[in-house]
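Note that the structure is predicted; figures quoted are calculated from it, not measured.
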Amino acid sequence: MNMQITLLQRNIEWAAPSVNRTRAEQALLLAPRSDLYVLPEMWSTGFVTSPADYDCIEGENGTTLSWMQQMARQLDAAVAGSLSIQAQDGTYRNRFYFVTPDKVEHYDKHHLFTYGGEHLRYTPGQARVVVEWRGVRFLLQVCYDLRFPIFARNKMGEQPDYDCILYVASWPTPRVEAWRTLLLARAIENQCYVCGVNRVGTDPTCQYCGGTAFIDPYGVREQEVPMNEEGILTARLDMDRLNAFREKFPVLLDRDI
């Protein structure tokens, strides 16, 4: 079985959800038809670490989530990406939504970026989240999570518990080589596909150069969007190839518990 996935490397207008939704919609409608479209971290606002200072931060059922649902129905596909939201309990969350035509699932970022002060105003999620879409299982992860391999470790029951990791990020230019290297490591050690979606452009504190990539279970960077420019890549996730590799070389059976 194959699944077509489109990753969108975007330049994000600071604190302007309406502008970013319009631009994202244009990109989605021009992209090749896919089963899944993935946007970066906090793609509607930029990486806002002081959400209470901005009136553009939406609630749990805000306009941007409704737009993601509308696009999922229109494209007959899943649309994924993280948003800065205020939850019903009043806390702020960096929430990674995975939206299909008839369902909304989410993961709240667990490893908040203390270096940038994210932990001071956001509440971390505690649950590790795997979603299934059209026969493929995805582990949802956000940016700084990439540095913590134990949290992302592929578990084994009768089979590995996911087939692909989705990393959405606002990963700054000075540390982009860490981003590129760790994406490969997560694919190799977990014997899975990895999709890493990073932004480009600038915000009030950082510059971003991208590095959006599709990586196969062997750790090969099959496709990558050019650095420092907006763009998309569309790739095929081949489940037959993945399952054959896992059966032939069952490295996960020898993992540490």
Side-chain angles (χ1 to χ4, degrees), residues 1-9 34-41 77-82 96-98 100 105-111 125 127-169 171 178-198 211-225 233-257:
M1 185 188 72
N2 292 327
M3 174 174 283
Q4 185 142 297
I5 300 176
T6 291
L7 312 181
L8 296 98
Q9 182 165 289
S34 297
D35 299 288
L36 169 62
Y37 301 84
V38 188
L39 293 155
E41 178 183 23
V79 178
S82 103
F96 186 173
Y97 282 110
F98 191 98
T100 66
E105 297 180 88
H106 73 264
Y107 157 70
D108 288 341
K109 186 179 181 181
H110 179 62
H111 296 97
R128 176 181 175 278
V129 176
V130 175
V131 301
E132 184 170 346
W133 173 237
R134 292 179 175 167
V136 179
R137 297 159 302 161
F138 296 94
L139 176 68
L140 307 184
Q141 300 273 274
V142 180
C143 202
Y144 195 44
D145 286 328
L146 179 59
R147 290 185 178 270
F148 302 94
I150 293 174
F151 187 66
R153 189 63 166 144
N154 210 335
K155 300 177 182 179
M156 282 289 292
E158 294 182 359
Q159 58 182 341
D161 74 333
Y162 63 79
D163 308 303
C164 179
I165 310 177
L166 302 180
Y167 283 103
V168 297
W171 196 287
W179 161 262
R180 298 180 77 244
T181 300
L182 292 174
L183 289 175
L184 300 182
R186 297 296 89 84
I188 294 166
E189 69 197 9
N190 293 299
Q191 208 169 29
C192 68
Y193 286 95
V194 168
C195 297
V197 184
N198 193 26
T212 296
F214 179 80
I215 297 154
D216 79 2
Y218 293 86
V220 175
R221 191 179 285 107
E222 289 194 350
Q223 293 189 53
E224 188 170 23
V225 179
L233 70 79
T234 298
R236 284 200 170 271
L237 190 156
D238 187 334
M239 286 295 293
D240 289 337
R241 180 173 180 244
L242 173 62
N243 291 331
F245 177 39
R246 287 173 167 175
E247 183 175 352
K248 179 180 179 181
F249 185 56
V251 63
L252 291 173
L253 294 177
D254 296 323
R255 80 202 186 288
D256 296 304
I257 305 300

What verdict does the side-chain contact (heavy atoms from CB on, under 4.5 Å) test give for Tyr218 and Ile188, after you've listed the backbone C-alpha separation in whole Å, the side-chain angles of each residue and the deciding distance to 0.1 Å? CA-CA 6 Å; Tyr218 293 86; Ile188 294 166; over 6 Å; no

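The main-chain N or O of Asp238 is found under 3.5 Å from a side-chain atom of Tyr193 such that the two form a donor-acceptor pair. Side-chain atoms of Gln223 come within 3.5 Å of backbone atoms of Thr234 as a donor-acceptor pair (strictly under, hydrogens ignored). Between the Asn190 side chain and the Asn154 main chain, a donor and an acceptor come within less than 3.5 Å of each other. Although no hydrogens or angles enter the test, the distance criterion places a donor-acceptor pair under 3.5 Å between the side chain of Gln9 and the main chain of Gly211. A donor-acceptor pair under 3.5 Å is formed between the side chain of Asn198 and the backbone N or O of Trp171. Not a single donor-acceptor pair under 3.5 Å links the side chain of Arg186 to the backbone N or O of Tyr167. A donor-acceptor pair is defined here as one N or O able to donate and one able to accept, closer than 3.5 Å; such a pair exists between the side chain of Gln191 and the backbone of Phe249. The main-chain N or O of Arg137 is found under 3.5 Å from a side-chain atom of Asp163 such that the two form a donor-acceptor pair.
Glu247 and Arg241 are not joined by a salt bridge, as no carboxylate oxygen comes within less than 4.0 angstrom of a charged side-chain nitrogen.
Listed by chain and residue number, Glu177, Glu224 satisfy the salt bridge (charged side-chain N to carboxylate O under 4.0 Å, His left out) test with Arg180 (two or more places apart in sequence, or in another chain).
Residues Phe151 and His110 place their aromatic rings such that the two centres sit under 6.0 Å apart.
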Would you be so kind as to tabulate the donor-acceptor pairs closer than 3.5 Å made by side chains of residues 250-257, with sequence neighbours excluded?
unit_1 : atom_1 : unit_2 : atom_2 : d
Arg255 : NH1    : Leu252 : O      : 3.2

Under 3.5 Å, sequence neighbours excluded: what are the donor-acceptor pairs made by side chains of residues 139-148?
unit_1 : atom_1 : unit_2 : atom_2 : d
Asp145 : OD1    : Tyr107 : OH     : 3.4
Asp145 : OD1    : His111 : N      : 3.1
Asp145 : OD1    : His111 : ND1    : 2.8
Asp145 : OD2    : Tyr107 : OH     : 2.7
Asp145 : OD2    : Val142 : N      : 2.9

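Counting only heavy atoms from C-beta outward, the side chains of Trp133 and Met3 approach each other to under 4.5 Å. When side chains are defined from C-beta on, Lys155 does not count as touching Pro160, because their heavy atoms never get closer than 4.5 Å.
Evaluated for a side chain to side chain contact (heavy atoms under 4.5 Å, CB included) with Leu36, the options Thr6, Leu166, Val136 yield exactly one hit, Leu166.
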